[in-house]
Amino acid sequence: MTPVRPTGEWDGRAFAHEAFLFATDQEVLDRVVPFAVEGLARGEPVLVVAGKRVRKVLAAELGRDVHRLATFAAAETWWRGGHGTLHAYDRDLRTLRATTPTWRLVAEPVWLARDEGREWSRFEAVANRCYAAMPYYSLCLHDRRRLPASVLDAVVRTHPLTWSGQAPVQAAAYEEPQRFLRSVQPAWEPRPGHSAVWTVTAPRDARRALAAVMINGWRARAEDVVLATHELLTNALRVAAFAELAFWTDHETLVVEVSDTGPGLPDETRGYVPPADGPQGSRGMWLAWSLADDAAVASSPTGTAIRLFFRR
Amino acid sequence: MTALRQLASPTGLRSGDHVFWTFDDPADFSAAVLPYLDEGRRLSEQLLLIGTSRVALLEALASLPERDEMLASGQLEVRSVTETVDPARGLEPVERVESFRSEVAAALERGHTGLRVASDATALAQRGSVERRELHVYERLADETLATLALTALCLFDSSLGDEVLAPLAVLHPDQHHGRRETLGCLCGRGPWLSLRGEVDVSLADAVLRALVDVARGAPGEVVLDLADLEFLDVAGARMLASAVRLLGEVGVELRMVRAQRIVGRCLELFDLADGQAVCT
């Protein structure tokens with residue numbers, strides 16, 4: 001029988017991202033305990049952030065070794081929206097990276113079971129790109145009993161590694177982040193006939209115009225809409241002399257579309273990439289995406305159109 | 001609180017008002033100072049016009065009602081910049097503001113209701129970056145002092161100075177008329193703290209950075225920047241504030257931002273500027 005190799009070929013120098021799907025406590029123990037024990041034996045910080053059930057069975061099995069874990073925390077209180085959660089996580093990662101050559105993480109994003117938590121899959125997808133150089137192994141636990149089929153489908157498409165029973169292996173269902181994002185963003189329907197459409201050359205004019213139409217129950221979202229749109233317009237006007245701003249409501253959703261005839265977006269995933277260290281690096285798309293409830297991108301070499309969706 | 005205003009006309013002004021005004025040519029200059037000083041005449045204020053030369057100034061005032069009577073009585077005075085600023089010593093901001101304080105007292109003593117100054121500071125803004133920095137410090141100090149005196153000030157600048165010079169100066173005035181540019185925001189020196197007011201976006205970020213760093217760098221220690229009246233900040237504006245924190249930090253000044261509105265905080269937190277830096281009042 002082949003011995004279990006909890007991190008396979010991973011050399012501790014780059015990001016490894018595995019989805020482990022389980023349905024019983026024993027499956028959790030069989031996967032996580034050797035993973036944690038190997039990390040402790042190698043002197044790597046081992047962090048565990050998981051739901052109550054997983055924490056309980058791990059604590060019982062690990063006994064006193066639980067105290068050797070660098071973190072043993074509840075996942076239930078972590079969720080603060082996709083962007084808020086990733087931003088906080090990102091800060092923790094940077095702190096770790098500054099002090100630790102390599103580490104390993106066991107994470108159970110329990111919020112995927114909730115409707116508002118499902119957007120997390122998009123961040124999981126983009127993490128494969130933006131954390132590629134982060135030296136840690138992220139073992140993500142997903143409970144088949146609690147998560148609906150659509151979420152489990154997104155899980156296997158956003159993690160490059162899966163568990164063979166003996167070692168991590170390439171996941172056949174894994175997709176490139178951009179392809180995954182395109183598949184889950186709102187469908188790109190034609191603009192409705194009642195859309196307002198403006199040509200914009202200065203973001204400040206668009207701010208005034210937008211603020212003036214944010215009435216009748218939309219006032220509470222006005223600041224978010226105006227700032228998010230301003231950032232998209234600022235980006236568009238960097239690559240084009242003018243931008244088009246379209247704006248419509250669809251029942252309880254307000255849609256803003258900013259389009260330009262520039263060369264297309266170099267990276268469609270930027271709305272899910274947390275701000276870089278230091279003052280340089282773009283943040284406009286991250287901010288716009290975080291202020292909106294949803295976003296969709298249509299980008300080609302002849303131009304870019306971005307839609308932001310805001311719910312009342 | 002001093003509201004930020006975009007002025008279409010240099011009138012409707014009262015003590016404490018501090019106006020930035022650009023002009024294109026002598027006729028435009030005249031068109032600004034005439035209604036401004038005439039309003040002061042009707043309010044029985046002491047009037048003072050400062051500019052390049054007395055001759056040119058008197059010419060600009062040719063059609064001011066009662067010009068000669070006011071010159072004779074001393075209610076109106078014209079001065080050249082060289083009479084007010086010794087080029088060898090520079091602007092001496094503190095001294096200059098103090099001299100206005102005593103001129104206001106003298107005007108009140110003579111029975112006037114206050115002092116109204118119009119000053120063409122183009123010559124001061126034209127010099128090097130060191131002099132411009134001093135001018136920024138002066139404008140901030142003047143703004144702070146004006147609020148407490150029976151003093152109205154119209155600071156005039158030739159529009160040919162260009163945006164790079166003019167925009168930081170405009171930002172240091174709560175009342176602005178900058179050609180066709182829309183007034184967005186100002187850096188105010190009134191009250192216990194420096195404050196940013198209005199809107200600071202990508203189009204104003206460079207100007208605010210220059211003004212802010214110049215006026216805050218003089219005092220080592222902590223400088224508080226009140227953001228309570230800042231209604232809009234974008235990513236470029238927040239990046240600018242991060243730069244200001246870094247640049248000031250290099251000269252021993254700790255810039256601390258307080259009382260940011262929710263939406264402003266969203267941009268600040270992208271640069272880790274918001275956490276733990278809000279004080280409640």
Side-chain angles (χ1 to χ4, degrees), chain A residues 80-81 83-88 90-92 94-95 200-211 214 219-238 243 270-271 273-292 310, chain B residues 4 6 163 167 170 176 178-185 198-209 212-213 227 229-250 255 257 260-276:
Chain A
R80 39 184 115 163
H83 286 80
T85 305
L86 187 62
H87 204 178
D90 189 71
R91 288 189 175 119
D92 292 345
R94 286 172 199 284
T95 307
V200 178
T201 53
R204 64 177 74 171
D205 301 335
R207 299 207 298 269
R208 307 280 181 271
L210 260 183
M214 295 292 295
R219 214 163 266 155
R221 298 303 312 267
E223 287 182 332
D224 293 344
V225 172
V226 168
L227 178 55
T229 308
H230 167 89
E231 291 300 332
L232 296 188
L233 287 167
T234 302
N235 285 348
L237 292 170
R238 280 200 190 101
R270 290 314 288 254
V273 178
D277 256 347
Q280 298 314 313
S282 65
R283 286 156 164 83
M285 284 175 67
W286 166 268
L287 176 64
W289 262 241
S290 74
L291 292 166
F310 298 87
Chain B
L4 175 67
Q6 175 161 358
D163 270 3
Q176 301 172 19
H178 188 177
R180 277 194 293 272
R181 281 179 73 118
E182 186 185 353
T183 296
L184 280 184
E199 300 172 88
V200 174
D201 71 2
V202 59
S203 69
L204 201 62
D206 288 348
V208 172
L209 179 64
L212 175 57
V213 170
L227 302 181
D229 296 316
L230 184 63
E231 279 142 26
F232 183 84
L233 182 75
D234 68 357
V235 170
R239 176 176 286 119
M240 173 278 293
L241 288 173
S243 300
V245 167
R246 182 177 52 80
L247 290 169
L248 289 168
E250 288 168 6
L255 183 68
M257 277 152 273
Q261 297 181 23
R262 179 193 69 90
I263 197 74
V264 166
R266 290 300 296 264
C267 286
L268 294 177
E269 70 189 13
L270 298 175
F271 296 88
D272 294 324
L273 289 174
D275 288 359

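Order of the sequence lines sets the chain letters (A, B, ...), proteins ahead of strands, with each chain counted from 1. All values below come from the heavy atoms of this structure, side chains included, with hydrogens, waters and symmetry mates left out.
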Apply side chain to side chain contact (heavy atoms under 4.5 Å, CB included) to the pair A/H230 and B/E199, showing each step before the final yes or no. CA-CA 12 Å; A/H230 167 89; B/E199 300 172 88; over 6 Å; no
Side chain from CB out, backbone as N, CA, C, O: work out which of these in A/D277 comes under 4.5 Å of a heavy atom of chain B, or both, or neither.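 Contact with chain B is absent: no heavy atom of A/D277 under 4.5 Å.
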Interchain contact, A/E223 with chain B, by part (heavy-atom threshold 4.5 Å):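 Both parts, backbone and side chain.
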I'd like to know if B/E231 and A/R207 make a salt bridge, using a cut-off of under 4.0 Å between side-chain N and carboxylate O.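 Judged by the 4.0 Å cut-off on N to carboxylate O distance, B/E231 and A/R207 do not form a salt bridge.
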Compute whether any side-chain donor of one residue and acceptor of the other, for A/S290 and B/R266, lie under 3.5 angstrom apart.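 A donor-acceptor contact under 3.5 Å links the two side chains.
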Please state whether the side chain, the backbone, both or neither of B/L184 comes within less than 4.5 Å of a heavy atom of chain A.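 Only the side chain of B/L184 comes within 4.5 Å of chain A.
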Atom CG of B/L268 and atom CD1 of B/I263: how far apart are they, to the nearest 0.5 Å?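 B/L268 atom CG to B/I263 atom CD1 measures 11.0 Å (nearest 0.5 Å).
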